[in-house]
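Notes for the one structure printed next.
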Amino acid sequence: MRHKPATSPSAQHSFLLASIGDFGFAFPAADVEEVRSLDALNSSGNCVSPLLGHTVRRGKKLPVVDAAAVFGITDAAPSRIVLLRHSDVGVGVSAVDRIRTGKLLPLPLAFSGDERDWYSGLTVFDRSIAPLLRPEGLLPLLRTVAPRAVPAGVPV
Amino acid sequence: MSSRYVVFPLGRKRLAVPAEAVTELVPVATVHRFPHCTPLLDGVLLRNDAVLPVLDVARALMGESAPKGRFYLIASLSRDQRVAVPVTGECEMVVADIKPAPVEMPQCIDGILVLPSEMVEVLSLSRMLSMGVSA
């Protein structure tokens with residue numbers, strides 16, 4: 001099921017910017033609960049990409065997805081884990097930048113691939129554009145290669 | 001019955017689209033790229049606070065040797081969808097009859113315009129995008 005974003009084209013929103021390789025991405029600033037280093041990652045060393053490992057939040061084990069692996073971005077080793085409120089998936093990113101304010105616009109309908117699950121929309125600020133990442137949208141590939149890594153009941 | 005078409009250059013090749021689909025021709029601007037899985041889309045342009053997907057027709061038809069665009073032709077696919085098509089020069093408006101395309105032509109070609117000095121293929125941008133294939 002494709003996620004339909006709730007967008008208000010004229011409103012200003014705050015976003016946390018992050019990079020994955022040379023690409024910029026955004027998370028809704030109000031939804032960011034925590035940014036952790038990879039020290040918080042529990043990895044058995046046998047994780048199948050794009051699963052980086054797991055991290056624990058309030059006693060609950062959350063899978064951490066290597067977003068670069070999902071997107072096919074090379075030379076983009078993750079160094080941070082972004083955890084969002086109300087999300088049971090952590091996202092591994094190369095770096096976290098800063099909080100910016102901008103508009104949120106829908107992803108054009110011409111984009112018809114898996115990116116409609118990956119992104120909730122496109123953020124626009126200072127004449128730059130960054131996709132708004134949706135952690136649950138990164139799960140389908142994870143479910144395929146490591147189905148036990150995804151907690152039961154996590155919606156996609 | 002004759003209709004109006006916008007003829008645009010892609011290097012040495014010239015193609016046409018129905019004139020009512022064309023909204024403007026704008027200079028080359030920054031293409032914002034991000035990971036995606038939709039064939040033939042290069043990225044997006046930011047134009048008047050709207051995000052327009054860039055449909056790289058030249059690369060679809062000619063591969064990596066396609067010439068670089070100097071302008072973007074902004075065209076409507078539907079009431080709610082517009083795309084930006086990189087073109088290599090200025091466009092011209094013609095009035096002509098459209099003839100059926102030969103069967104061996106790609107399905108994204110709607111027909112042929114027989115002009116005084118050339119024959120120009122009429123491209124269906126929406127069909128090209130939905131097919132996700134090169135001609």
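Throughout, a chain's letter reflects where its sequence line sits, starting with A, and its residues are numbered from 1.
Screening A:Leu107, A:Val124, A:Ile129 against B:Val44 for a side chain to side chain contact (heavy atoms under 4.5 Å, CB included) leaves a single residue, A:Ile129.
Under a hydrophobic clustering in which Ile, Leu, Val, Met, Phe, Trp and Tyr are joined whenever their side-chain heavy atoms come within less than 4.5 Å, directly or via other members, B:Leu123 and B:Val120 fall into different clusters. Taking hydrophobic clusters as Ile, Leu, Val, Met, Phe, Trp and Tyr residues chained together by side-chain heavy-atom distances below 4.5 Å, B:Val22 does not share a cluster with B:Tyr72. Taken together through direct or relayed side-chain contacts under 4.5 Å among Ile, Leu, Val, Met, Phe, Trp and Tyr, B:Val94 and B:Phe8 form parts of separate hydrophobic clusters. A chain of hydrophobic side-chain contacts below 4.5 Å, direct or via other Ile, Leu, Val, Met, Phe, Trp or Tyr residues, connects B:Val85 to B:Met93.
In this structure, B:Gln81 contributes its side chain and A:Pro108 its backbone to no donor-acceptor pair below 3.5 Å.
Within a 6.0 Å sphere centred on CD of A:Glu34, heavy atoms belonging to other residues, nucleotides or ligands number more than 12. Annotation: A:Arg85, atom CZ; neighbour count of heavy atoms from other residues, nucleotides and ligands within 6.0 Å is above 12. Taking a 6.0 Å sphere around CD of B:Glu118, one finds it holds more than 12 heavy atoms contributed by other residues, nucleotides or ligands.
Only the side chain of B:Leu41 has a heavy atom closer than 4.5 Å to any heavy atom of chain A. At a 4.5 Å heavy-atom cutoff, the contact between A:Leu109 and chain B is made by backbone and side-chain atoms alike.
Top candidate by heavy-atom pairs under 4.5 Å with chain A, chosen from B:Asp49, B:Leu77, B:Val83, B:Leu52, is B:Asp49.
Taking both residues in full, the closest heavy atoms of A:Ala110 and B:Thr38 are given as O-CG2, 3.4 Å, listed atom of the first, atom of the second, then distance.
Aromatic ring orientation, B:His36 versus A:Phe111: perpendicular (interplanar angle above 60°, classes split at 30° and 60°).
In this structure, B:Leu46 CG and A:Ser128 OG are separated by 9.0 Å, a value rounded to the nearest 0.5 Å.
At a threshold of 4.5 Å between non-hydrogen side-chain atoms, the residues A:Ile73 and B:Pro35 count as touching.
Aromatic rings of B:Phe34 and A:Tyr119 (six-membered ring for Trp) have centroids within the 6.0 Å cut-off, being under it.
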